[in-house]
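For clarity, every value in this text was computed on a predicted model and none was experimentally measured.
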Amino acid sequence: SPKPDAYDIAFDKKRETEELMKKLLEEKEFEIERATNLKDWETAAEYLRELCAMIPDKHDARHIKYNRQLLQVEARLNKNR
């Protein structure tokens with residue numbers, strides 16, 4: 001059988017990476033939801049900052065969503081100080 005070429009290998013690696021990233025984002029989102037439900041704003045803010053760092057493209061819809069959530073959480077933090 002012919003060996004897979006560089007394109008096929010790269011395509012498979014890209015797909016694996018995207019799947020891993022999606023899983024990591026979902027896990028962090030779950031932790032954020034849990035922290036928010038417990039009103040643990042510090043933890044929620046920490047995880048949201050991590051998500052924003054994982055998706056640094058400020059035009060990416062996910063970054064925009066996480067940054068908006070972070071602003072809301074930080075507002076709660078500042079209100080409680």
Establish, from distance only, whether the side-chain atoms of Y47 and E29 form a donor-acceptor pair under 3.5 Å. no

Atom of Y66, atom of I55 and distance for their closest heavy-atom approach: CE1-CD1, 3.9 Å

If hydrophobic clusters are built by linking Ile, Leu, Val, Met, Phe, Trp and Tyr wherever their side-chain heavy atoms come under 4.5 Å apart, do I64 and M21 end up in the same one? no

Nearest non-hydrogen partners of A35 and A44, listed with the distance: CB-N, 3.8 Å

Interatomic distance, L48 atom CG to R68 atom CZ [nearest 0.5 angstrom]: 12.5 Å

With a 4.0 Å cut-off, would you call E18 and K22 a salt bridge? no

Path from M54 to F30 over hydrophobic side-chain contacts below 4.5 Å: no

For A45 and L77, work out which heavy atoms get closest and say how close. CB-CD1, 4.0 Å

Spatial distance of atom CD (Q69) from atom CG (N67) [nearest 0.5 Å]: 10.0 Å

So, taking the atom named NZ in K39 and the one named CZ in R76, what distance separates them when rounded to the nearest 0.5 Å? 6.5 Å

When you measure from the side chain of N78 to the backbone N and O of E74, does any donor-acceptor pair fall under 3.5 Å? yes

So how far is it from W41 CH2 to Q72 CD, rounded to the nearest 0.5 Å? 9.5 Å

Rounding to 0.5 Å, atoms CZ (F11) and CD (E16) come to a distance of 11.5 Å

Same hydrophobic cluster for L25 and L20, using side-chain heavy-atom links shorter than 4.5 Å among ILVMFWY? yes

Do L71 and I32 belong together in a cluster built from hydrophobic side chains that touch within less than 4.5 Å? no

What verdict does the side chain to side chain contact (heavy atoms under 4.5 Å, CB included) test give for T36 and T43, after you've listed the backbone C-alpha separation in whole Å, the side-chain angles of each residue and the deciding distance to 0.1 Å? CA-CA 8 Å; T36 301; T43 301; over 6 Å; no

Do the charged groups of K28 and E33 touch, with an N to O distance under 4.0 Å? no

SB check K23 E19 (cutoff 4.0 Å): no

With rounding to the nearest 0.5 Å, note down the distance linking SG in C52 to CG in D60. 10.5 Å

With a 4.0 Å cut-off on N to O distance, would you call R34 and E31 a salt bridge? yes

